[in-house]
*Asks:* 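Here it is, the structure in full.
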Amino acid sequence: MSLPIYFIFLFIFITLAFIYDITKGIIPNWLNVTFALIGVVTHTLMSGLNGFVQSFGGGLICLIIMLILYVIKAIGAGDVKLFFAIGCLSGILFSLYAIMYSVIFAGIFGIIYLLFTRTFLIQMSLAALHMKESIQKKSLSSMEDFKNKVGNRFPFMVAVLPGVIVTFYYMHIV
């Protein structure tokens, strides 16, 4: 099986983004922009207009989906830019599966984290109360307060890395 060059770039990008996110808590804009451009140029050179549409379309679809998650405060702005670059590198279908698997892994890791820190019931109770208050007030301010003051966070790359690997496995190996 011959691996397309853009997947090699994707794995280099994901590895660098993972290292930056774990060590510095941020994924640099230059990294996202560089690899988004590499993805668009590589796909365009390999497949012409169709490659450009697949690459840039993948980036735009990821951008739209991740912007929705950003607006509801589920992820940070860096994750939006990260997935734009992933979409540009991998194309439309791959990036949609990568988002899905990354969100699943984030949920699993979040639950495991809460279980091992013995705060699961407290966190879930507080989250439910803040959610109820947000619904009653018809405002997300209560949920935002919960997220900023009480909620736990972990680098999303912890979920993105296995999400991309699982996507690659199921789309190109199995």
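Along the sequence shown, the residues carry numbers beginning at 1. Computation of the quantities below employed the complete heavy-atom set of this structure, encompassing side-chain atoms and omitting hydrogens, waters and symmetry-equivalent molecules.
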*Asks:* Is S90 close to Y6 at the side-chain level, that is, under 4.5 Å between some pair of heavy atoms?
*Replies:* no

*Asks:* Can you tell me if D79 uses its side chain to pair, donor with acceptor, with the backbone of G76 under 3.5 Å?
*Replies:*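 Answer holds: yes.
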
*Asks:* Output the distance between atom CG (D21) and atom CG (L16), rounded to the nearest 0.5 Å.
*Replies:*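 CG of L16 is found 12.5 Å from CG of D21.
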
*Asks:* What about F13 and L45, same hydrophobic cluster or not, with Ile/Leu/Val/Met/Phe/Trp/Tyr joined at side-chain heavy-atom distances under 4.5 Å?
*Replies:*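 Unlinked, F13 and L45 end up in two clusters.
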
*Asks:* Determine, step by step, whether I65 and F83 satisfy the side-chain contact (heavy atoms from CB on, under 4.5 Å) criterion, reporting the C-alpha distance in whole Å, the side-chain angles of both residues, the deciding distance to 0.1 Å, and the verdict.
*Replies:* CA-CA 9 Å; I65 292 169; F83 267 95; over 6 Å; no

*Asks:* So, the side chain of S95 versus the backbone of G87: is there a donor-acceptor pair under 3.5 Å, distance only?
*Replies:*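 No; zero donor-acceptor contacts below 3.5 Å.
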
*Asks:* Supply the atom-to-atom distance I12 CD1 to L89 CG, rounded to the nearest 0.5 angstrom.
*Replies:*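 Nearest 0.5 Å value for the CD1-CG distance: 10.0 Å.
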
*Asks:* To which residues is V33 joined in a hydrophobic cluster, defined by side-chain heavy-atom contacts under 4.5 Å among Ile, Leu, Val, Met, Phe, Trp and Tyr, whether direct or through other members?
*Replies:*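 Other cluster members: L37.
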
*Asks:* Please step through side-chain contact (heavy atoms from CB on, under 4.5 Å) for the pair L82 and N32, ending with a clear verdict.
*Replies:* CA-CA 6 Å; L82 169 82; N32 291 318; 4.1 Å; yes

*Asks:* Hey, does F94 have a side-chain heavy atom less than 4.5 Å from the side chain of T167?
*Replies:*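 They are in side-chain contact.
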
*Asks:* Contact between F109 and P162 at the side-chain level, heavy atoms closer than 4.5 Å - yes or no?
*Replies:*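 Touching, per the 4.5 Å side-chain cut-off.
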
*Asks:* Do F168 and L3 have side chains that get closer than 4.5 Å, going by heavy atoms?
*Replies:*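 Sidechains of L3 and F168: in contact.
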
*Asks:* Examine I92 and V41 and state if one hydrophobic cluster contains both, with Ile, Leu, Val, Met, Phe, Trp and Tyr joined whenever side-chain heavy atoms are less than 4.5 Å apart.
*Replies:*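 Cluster IDs for I92 and V41 differ.
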
*Asks:* Working to the nearest 0.5 Å, report the span between CG of N29 and NZ of K81.
*Replies:*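 N29 atom CG to K81 atom NZ measures 3.5 Å (nearest 0.5 Å).
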
*Asks:* Holding to side-chain contact (heavy atoms from CB on, under 4.5 Å), I want the full list of residues that pass it with V166, two or more places apart in sequence or in another chain.
*Replies:*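 Testing V166 for side-chain contact (heavy atoms from CB on, under 4.5 Å), a comparison that skips the adjacent residues, returns Y101, F105, Y170.
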
*Asks:* Test side-chain contact (heavy atoms from CB on, under 4.5 Å) on M66 and I75 and set out the steps.
*Replies:* CA-CA 8 Å; M66 299 312 272; I75 60 169; 3.5 Å; yes

*Asks:* Within a reach of under 6.0 Å around CD1 of I26, are more than 12 heavy atoms found that belong to other residues, nucleotides or ligands?
*Replies:* no

*Asks:* Could you report the tightest heavy-atom contact between L63 and F84, atom names first, then the distance?
*Replies:*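 Nearest pair, atom of L63 first, then F84: CB-CD1, 4.1 Å.
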
*Asks:* According to a 4.5 Å side-chain heavy-atom criterion applied to Ile, Leu, Val, Met, Phe, Trp and Tyr, with indirect links allowed, do L10 and I8 form part of one hydrophobic cluster?
*Replies:*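 Both belong to a single hydrophobic cluster.
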
*Asks:* Side chains of T42 and F9, heavy atoms from C-beta outward: is any pair under 4.5 Å?
*Replies:* yes

*Asks:* When you look at L67 and I64, which way does the side-chain contact (heavy atoms from CB on, under 4.5 Å) test go after all the steps?
*Replies:* CA-CA 5 Å; L67 272 174; I64 292 166; 5.7 Å; no

*Asks:* Is H43 reaching over with its side chain to a backbone N or O of Q54, donor-acceptor style, under 3.5 angstrom?
*Replies:* no

*Asks:* Report yes if some heavy atom in the side chain of I14 is under 4.5 Å from a heavy atom in the side chain of I86; otherwise report no.
*Replies:* yes

*Asks:* Is V160 reachable from I68 through a run of hydrophobic residues whose side-chain heavy atoms are each under 4.5 Å from the next?
*Replies:*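 Cluster IDs for I68 and V160 differ.
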
*Asks:* L31 and I27: which non-hydrogen atoms are nearest, and at how many Å?
*Replies:*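 That would be CD2-CG2, 4.1 Å.
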
*Asks:* Kindly check if the number of other-residue, nucleotide or ligand heavy atoms within 6.0 Å of OH (Y97) is above 12?
*Replies:*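 Open.
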
*Asks:* With a 4.5 Å heavy-atom cut-off, do L93 and M171 have their side chains touching?
*Replies:*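 Answer yes - side chains close enough.
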
*Asks:* Are L161 and I19 connected, step by step, through hydrophobic side chains (Ile, Leu, Val, Met, Phe, Trp, Tyr) whose heavy atoms are closer than 4.5 Å?
*Replies:*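 Different clusters.
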
*Asks:* With heavy-atom distances below 4.5 Å as the criterion, would you say the side chains of V174 and Y169 are in contact?
*Replies:* yes

*Asks:* When you measure from the side chain of S55 to the backbone N and O of G51, does any donor-acceptor pair fall under 3.5 Å?
*Replies:*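 A pair under 3.5 Å: no.
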
*Asks:* Are there more than 12 heavy atoms of other residues, nucleotides or ligands under 6.0 Å from atom CZ of F7?
*Replies:* yes

